[in-house]
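Step one of this worksheet: look at the structure below.
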Amino acid sequence: MRVLAWLLTVVLIACALGLAVLTLGAFASLGSGAPLWLRSVGSLEHVMSGQIGLGSLTNFARALGLAVLTSALAGLAAYLKPRG
């Protein structure tokens with residue numbers, strides 16, 4: 001059971017890190033002063049959001065939703081992490 005909890009924790013952390021990068025890109029695409037590579041990640045997030053049907057939301061709403069989802073995944077990973 002302990003191995004399964006560690007495996008689930010690692011998967012949740014990896015998902016949270018991926019969503020964190022997309023969240024940074026989404027917030028970077030809100031302004032023009034961000035580096036090009038980060039705005040490119042924001043463009044990727046915009047395309048992915050459109051594919052799952054969230055393209056009608058504003059850029060800020062999508063970025064905020066991603067931030068909340070990223071925080072929830074990180075918190076869940078911390079909660080499920082096996083204790084010593």
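The residues of the chain are indexed from 1 along the displayed sequence.
- Hydrophobic clustering (ILVMFWY, side-chain heavy atoms < 4.5 Å, transitive): Leu80 and Leu73 are in one cluster.
- Val21 and Met48 fall within a single hydrophobic cluster, where Ile, Leu, Val, Met, Phe, Trp and Tyr are joined by side-chain heavy atoms under 4.5 Å apart, directly or via other members.
- The line from CG of Leu76 to OG1 of Thr9 is 8.5 Å long, rounded to the nearest 0.5 Å.
- Smallest separation of non-hydrogen atoms from Leu64 and Phe27: N-CZ, 4.1 Å.
- Between Thr23 and Ala63, the closest heavy-atom pair is CG2-O, 4.0 Å.
- Considering OG of Ser29 and CG of Leu44, their distance stands at 11.0 Å, rounded to 0.5 Å.
- Without hydrogens or angle criteria, Arg62 side chain to Leu57 main chain gives a donor-acceptor distance under 3.5 Å.
- Side chain of Arg2 to main chain of Arg83: a donor-acceptor pair is present (N/O by atom type, distance under 3.5 Å, no hydrogens or angles).
- Cluster membership check: Leu66 shares its hydrophobic cluster with Val41, using side-chain heavy-atom separations under 4.5 Å among Ile, Leu, Val, Met, Phe, Trp and Tyr.
- Here CD1 of Ile13 is found 10.0 Å from CG of Leu8. Values are rounded to the nearest 0.5 Å.
- For the pair Ala26 and Glu45, the tightest heavy-atom approach, listed with the atom from each and the gap, is CB-OE1, 3.7 Å.
- Note on Leu54: it does not cluster hydrophobically with Leu69, by side-chain heavy-atom contacts below 4.5 Å among ILVMFWY residues.
- Shortest non-hydrogen contact noted between Thr70 and Ala16 is CG2-O, 3.5 Å.
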